[in-house]
Amino acid sequence: MAPRRARKRAEGGASSNVFSMFDQSQIQEFKEAFTIMDQNRDGFIDKEDLRDTFAALGRINVKNEELEAMVKEAPGPINFTVFLTMFGEKLKGTDPEETILHAFKVFDTEGKGFIKADFIKEKLMTQADRFSEDEVKQMFAAFPPDVCGNLDYQNLCYVITHGEEKD
């Protein structure tokens with residue numbers, strides 16, 4: 001019995017202590033996301049699952065290399081435990097909300113809590129680690145500016161650090 005458990009643990013590539021990184025409601029949300037992405041319902045996310053997920057989101061022409069790079073980020077087959085571990089590692093590297101807010105506040109000289117979308121687009125595409133046009137489009141698709149063209153960076157920072165919008 002013990003060798004079987006050891007083999008399963010080795011195949012999963014992660015220990016169960018990853019579950020202590022999140023509260024129960026977060027784990028449930030990750031489980032729902034995993035289930036949505038596991039298109040063929042085999043308990044693992046692979047390239048075809050990712051391709052189908054992108055297609056469901058309207059992105060049809062995803063390059064094979066891009067999918068392979070995503071799958072290679074995992075230490076092995078992506079079951080739920082590996083999926084959760086990968087998110088834990090990604091979230092661990094996120095700057096604190098206050099740090100991200102401060103970076104945006106530099107551009108908000110009037111302290112209104114928003115920045116003109118055109119202005120932030122220009123900065124993202126011309127400064128430091130430059131965003132591509134596609135990356136800017138993805139950001140604005142996830143966090144659209146309001147009808148006046150303003151980006152609510154306070155809400156954006158909250159979502160980046162907490163994973164969900166404020167109520």
Side-chain angles (χ1 to χ4, degrees), residues 13-14 18 21-23 25-39 45-75 78 80 82-167:
V18 68
M21 293 174 63
F22 303 103
D23 64 40
S25 66
Q26 289 173 308
I27 292 170
Q28 185 58 40
E29 287 180 25
F30 282 121
K31 185 65 176 170
E32 289 173 21
F34 180 86
T35 301
I36 290 169
M37 293 177 73
D38 181 18
Q39 297 279 310
I45 295 174
D46 58 21
K47 272 190 341 184
E48 289 309 311
D49 289 324
L50 291 174
R51 183 180 311 285
D52 292 344
T53 301
F54 275 117
L57 295 170
R59 188 166 167 218
I60 298 169
N61 298 323
V62 183
K63 294 179 182 162
N64 240 357
E65 298 79 36
E66 191 177 352
L67 297 171
E68 287 171 9
M70 288 179 194
V71 171
K72 284 182 182 175
E73 285 187 41
I78 305 172
F80 179 64
V82 172
F83 180 80
L84 196 61
T85 301
M86 291 172 71
F87 268 95
E89 289 169 355
K90 294 279 185 193
L91 293 173
K92 214 178 352 178
T94 303
D95 287 325
E97 182 178 6
E98 200 56 42
T99 302
I100 299 169
L101 266 174
H102 182 70
F104 278 106
K105 283 180 182 177
V106 168
F107 300 113
D108 182 14
T109 55
E110 296 176 23
K112 293 183 177 178
F114 58 82
I115 302 171
K116 287 290 183 189
D118 290 340
F119 175 78
I120 199 67
K121 175 183 177 179
E122 187 257 329
K123 293 297 177 199
L124 289 171
M125 293 181 72
T126 60
Q127 308 293 316
D129 291 332
R130 295 182 179 111
F131 276 43
S132 68
E133 184 73 33
D134 282 343
E135 289 170 323
V136 171
K137 283 180 185 175
Q138 286 177 348
M139 184 186 84
F140 287 144
F143 304 100
D146 65 18
V147 293
C148 297
N150 298 314
L151 180 68
D152 177 358
Y153 69 83
Q154 293 174 326
N155 189 42
L156 173 62
C157 292
Y158 186 87
V159 172
I160 289 170
T161 56
H162 295 88
E164 55 192 39
E165 291 192 43
K166 290 181 189 177
D167 291 329

Please determine whether the number of non-hydrogen atoms from other residues, nucleotides or ligands lying under 6.0 Å from atom CD of Gln127 exceeds 12. yes
Is there side-chain contact between Arg51 and Asn64, with at least one heavy-atom pair below 4.5 Å? yes
Going by the rule ring-ring contact (aromatic ring centres under 6.0 Å, His included), which residues pair with Phe34 if we only count those two or more places apart in sequence or in a different chain? Phe80, Phe83
Using the test ring-ring contact (aromatic ring centres under 6.0 Å, His included), find all partners of Phe30 that sit at least two apart in sequence or belong to another chain. Phe22, Phe87
On a heavy-atom basis, the closest approach of Val82 and Ala74 is CG1-CB, 4.1 Å
Residue pairs meeting salt bridge (charged side-chain N to carboxylate O under 4.0 Å, His left out), one or both in residues 108-120, sequence neighbours left out, come to Glu110-Lys112
Between Asp152 and Asp146, is any pair of side-chain heavy atoms under 4.5 Å apart? no
Strictly distance-based, threshold 3.5 Å: is any side-chain N or O of Asp49 a donor or acceptor partner for the main-chain N or O of Asp46? yes
Suppose the criterion is salt bridge (charged side-chain N to carboxylate O under 4.0 Å, His left out): which pairs have a residue in residues 125-143, not counting sequence neighbours? Lys121-Glu133
For Phe140, all residues meeting ring-ring contact (aromatic ring centres under 6.0 Å, His included), sequence neighbours excluded: none
Atom pair CZ (Phe104) and NZ (Lys123), whose distance is rounded to the nearest 0.5 Å: 13.5 Å
Quick check for you: to the nearest 0.5 Å, what is the distance between Cys157 atom SG and Leu101 atom CG? 4.0 Å
Nearest 0.5 Å, what's the CG-CZ distance between Leu156 and Phe143? 5.0 Å
Heavy atoms, side chains only, cut-off 4.5 Å: are Tyr153 and Ile120 in contact? no
Does anything in residues 52-75 form a salt bridge (charged side-chain N to carboxylate O under 4.0 Å, His left out)? List the pairs, not counting sequence neighbours. Lys47-Glu68, Arg59-Glu66, Glu73-Lys90
What distance separates Leu124 CG from Met139 CE, expressed to the nearest 0.5 Å? 5.5 Å
Can you give me the closest heavy-atom contact between Met37 and Ile45, atom names plus distance? CB-CD1, 3.7 Å
A side-chain contact here means heavy atoms from C-beta on lying under 4.5 Å apart; do Leu151 and Phe119 qualify? no
